Asker: 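Dropping a structure here in structure tokens format, bear with me for questions.
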Amino acid sequence: MPFEPLHQESLIQQRWMEAQAFRAPRASELKPGDRTFYMLVMLPYPSGRIHMGHVRNYTLGDVVARFRRMRGDKVMNPLGWDSFGLPAENAAIKNGIHPALWTRANIQEMKGQIQKMGISYDWDREIATFLPEYYRWNQWFFLKMWERGDVFRALRNVNWCEALGTVLANEQVVDGKDERTGHPVVQKALEQYFFAITKYADELLAGHDQLDWPENVKAMQRHWIGKSEGARLTFDLAGGEKVQVFTTRLDTLCGVTFMALSTEHPFIVKAAESDPGLKAFCDQVAAMSREDRLMSDIKLGHRSRLEAIHPFTGERIPIFAANYVLMDYGTGAVMGVPAHDERDHAFAEKYGLPIPKVIESENPWEPGILVNSGEFDGMTSEEAVDAMVARLGGRAEKAITFKLKDWGLSRQRYWGTPIPTVHCPHCGVVPEKAENLPIRLPEDVAFAGAGASPLLTSPTFLDCACPACGRPARRETDTMDTFVDSSWYWMRYLDPKNAELPFAKAEADAWSPVDLYIGGIEHATMHLIYARYFHKIMRDLGLASGDEPFRKLICQGMVLKDGFKMSKSKGNIVDPDEVIAKYGADALRLFMIFAAPIEKEIDWTGFEGIDGATRFLRRATRMVEEHVPTRDPLPAKDQLTAEEKTLLVKLHQTLHKVTDDLDHRYQFNTLVSSLMETSNALADLPADAPHRGAVMQHALEVFTLMLSPAAPHLAEQLWQTLGHEGFCMHAAWPVADPAWLSADEVTVVVQVNGKVRGRILVPASATGDERRAAALACPEALHHLEGKEVVKVVVPPGGKLVSIVVK
RNA sequence: GCCGGCGUGGCGAAAUGGCAGACGCGACAGACUCAAAAUCUGUUUCACGCAAGUGAGUGUCGGUUCGACCCCGACCGCCGGCACCA
């Protein structure tokens, strides 16, 4: 059969499907001693069409999954849909299509496209997060976490648009206005639900040690969690009240000349009520958009009428409201030490405050030796902290602060998991009973666009009975952040139809943790922190074992076009579907893994790369077509000609390397190079080689098996042509034969003073001394030894080289 | 500013302390063809040379080593993340 990718590929896909070739076993089907491998790619959002990023991600995962299967592992390789979220709701508002219909249509479209790529997913395990069978478990987790005290309610600011009467996501707000209608957006505090993720902050930080993850991802998470060790210190106010600050530099306490509080700090808010100047300043800061606040590093402050008392000196310290103090970090109040903090310094200069030096060190912002600090003079910063804590008694204690915030999960949206609580006029906020799950999204809603959240328009949803007292109550209309959906989905794949639990412990123990997780770097912090958090919750609920969900993580690079991210707005999208239609899935897969190392960007400058992949596949096909299949056994080594032996040595050396690339190194671009080298070596075997039939049969079989993970459709076709029944994808991965890993004779490089001066051919069995002697007799080397004294001859292990040192 | 990563041909890249540039793209030359496409063969780091060859070469400078793209130190440049976090 000639190389006809499209025709062949769909036929082969159909055969795989009919044979359930990608099916992953249930835990009960696994036998003792079975090796399992859980290959996971990040859950896609069903936006409508797949893009090259998906293609790259799924191809890489599929190469690993197929390789592991051939190695004899039991492989879990599932896919599903992250199918709640804003785009579906926007489409509903814009086109009047119900989000469910829009979502279903997109999933169907994208699934078809992915299937054309020949990715070996076990589609029986497919999940979609918008289905009640899935999101009921989000609700179930919420209730379990509520019981454990991992859920709480608190006020948090949202982007509120008064004209629309709705809440907007950050990306919908541009320049303080709704992106579509231009109506003004303000910050408004709403009572919302939170997961207490900060309880796990320390464990999330420590857990990195056991993870085989890219260093930059771990660094981003460390930064995000932002652990900071210091002290909490209470100052008395002149009026008798107390204000607490957090500082990492308690040692600088004697250098405090002012105190700065966030404009949102309760004391400032209260003081502003009777201080119009302060009120005006706070309003001015509040009116600044988030971007403006971040962009400007200008320190603004306003002196309040409040004063604090220095705990050592009793001096009065002015209290300012300042724009550079954040309410949601630490205590929202800082002690100003202008001599030893860059920001405080700028502030003090601007407002004419004294800047007394209390630390002697090279860099004023770094710790050192205390001066002008009374009894603490001469101490190191470290000693001073302990001494001051002791001296301050109950006013100060060592404390740790995190940047990580508790996870606000409320969304004032329709297309998400309804939060399973009820507002009862008598009982307050009450969790729904577990047996009433799922709380389904209602159908009778209006997507007017303007106005309230669609859930508020559904009487059948709103009116309910209080789970506690049974009297009429109102259902919660907030839905969950879609990150909840993706924080445990990989466990649901293991038991996707379980109606009793999110998944059975037996399945979790059989497959978890995920062995390899591949996805985009854009999920380095949010998704990958939430998922790690949820895994720990699942562990603590007794559902899963182990501390971490993803053993190894690889973040694949983006696919660009002419240096830019492909996007609709730029009009530079290369549609995978069209490429597959023209070149076939195998060529696209091969190009995707060959073009660059996995974590680097690929720039799709043109179609030359994929042309190259196609040429290679054609050559391979032709080589197999021209070969006459034979069952003749491979003759003994000593009967073969030099060329035949050269081919077999190259073949087995390459096999060894390819196995290593796939098994340990996860280096896929060199896998393809190796395949090309093998094919070139095959082409070099003389047409009249005496044992050509048997040698080629063996070599082509190994080649086809090695090709199978990357270009699985063609491999099936070639496998058949070579005279085999059954699927190539189910054949055993070949093992490199040690007899062929080295040739009879090997080339030894001769170096003189580190420069390559000659090469000699020695028997593979030659000892180190024999190699040394042969090297010293090498004519090209001798030329460079003339008139010099040989100081030393090094024959390193491996014997591929002899290094001669002369003077 | 802080954190992480990366600097190798015309381009994508390879080399797990041991022959730098595998493999591919592009380019050039040739074969086939009336011609083109496709395909095949060869050349392709730079300098000098007809050639054999010689010398230089992995951002820069230094170090360790018989031997460094690889390890160590300093610097330069680029990319990514975070960014008033007290």
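Throughout, protein chains are lettered first and strands after them, A, B, ... in sequence-line order, and every chain is numbered starting at 1. As a basis for the values below, the full set of heavy atoms in this structure was taken, side chains included, without hydrogen atoms, waters or symmetry mates. Here the structure is a predicted model, which is why all the values come from computation and not from measurement.
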Asker: Considering only heavy atoms and no angle criterion, is a donor-acceptor pair shorter than 3.5 Å present between the side chain of A/R759 and the base of B/C19?
Answerer: yes
Asker: Expected output is a numbered-order residue list: members of residues 595-605 of chain A with a heavy atom under 4.0 Å from any atom of RNA chain B. What is it?
Answerer: A/A595, A/P597, A/K600
Asker: Is A/E677 salt-bridged to A/K650, going by a charged N under 4.0 Å from an acidic O?
Answerer: yes
Asker: What distance, rounded to whole Å, do you find between the two C1' atoms, one in B/A68 and one in B/G57?
Answerer: 14 Å
Asker: For a quick test of reading the model: is some side-chain N or O of A/Q667 closer than 4.0 Å to OP1 or OP2 of B/A15?
Answerer: yes
Asker: Around atom NZ of A/K565, are there more than 12 heavy atoms of other residues, nucleotides or ligands at under 6.0 Å?
Answerer: no
Asker: When you check the phosphate oxygens OP1 and OP2 of B/G24, does a side-chain N or O of A/N680 lie under 4.0 Å from one of them?
Answerer: yes
Asker: With syn defined as a glycosidic torsion within 90 degrees of 0 and anti otherwise, which applies to B/G7?
Answerer: anti
Asker: In whole angstroms, how far is the P atom of B/A86 from the NZ atom of A/K227?
Answerer: 13 Å
Asker: Could you measure the distance from the CE atom of A/M623 to the OG atom of A/S679? Nearest 0.5 Å is fine.
Answerer: 4.0 Å
Asker: Hey, does the side-chain of A/S673 have a donor or acceptor N/O within less than 3.5 Å of a partner on the base of B/A22?
Answerer: yes
Asker: Mark yes or no: A/K299 above the aromatic ring of A/Y324, with NZ or CZ under 6.0 Å from the six-membered ring centre and no more than 45 degrees from the axis.
Answerer: yes
Asker: Show each protein N/O and nucleotides 40-43 of chain B N/O combination with a separation under 3.5 Å, one pair to a line.
Answerer:
from, atom 1, to, atom 2, distance (Å)
B/C40, OP1, A/R622, NH2, 3.4

Asker: Return the pairing partner of B/A27 with a 3.5 Å limit on both distances, Watson-Crick or G-U wobble; otherwise return none.
Answerer: B/U43
Asker: Could I get a table of every N or O pair under 3.5 Å where one atom is in the protein and the other is in nucleotides 52-62 of chain B?
Answerer:
from, atom 1, to, atom 2, distance (Å)
B/G55, OP2, A/R757, NH1, 3.2

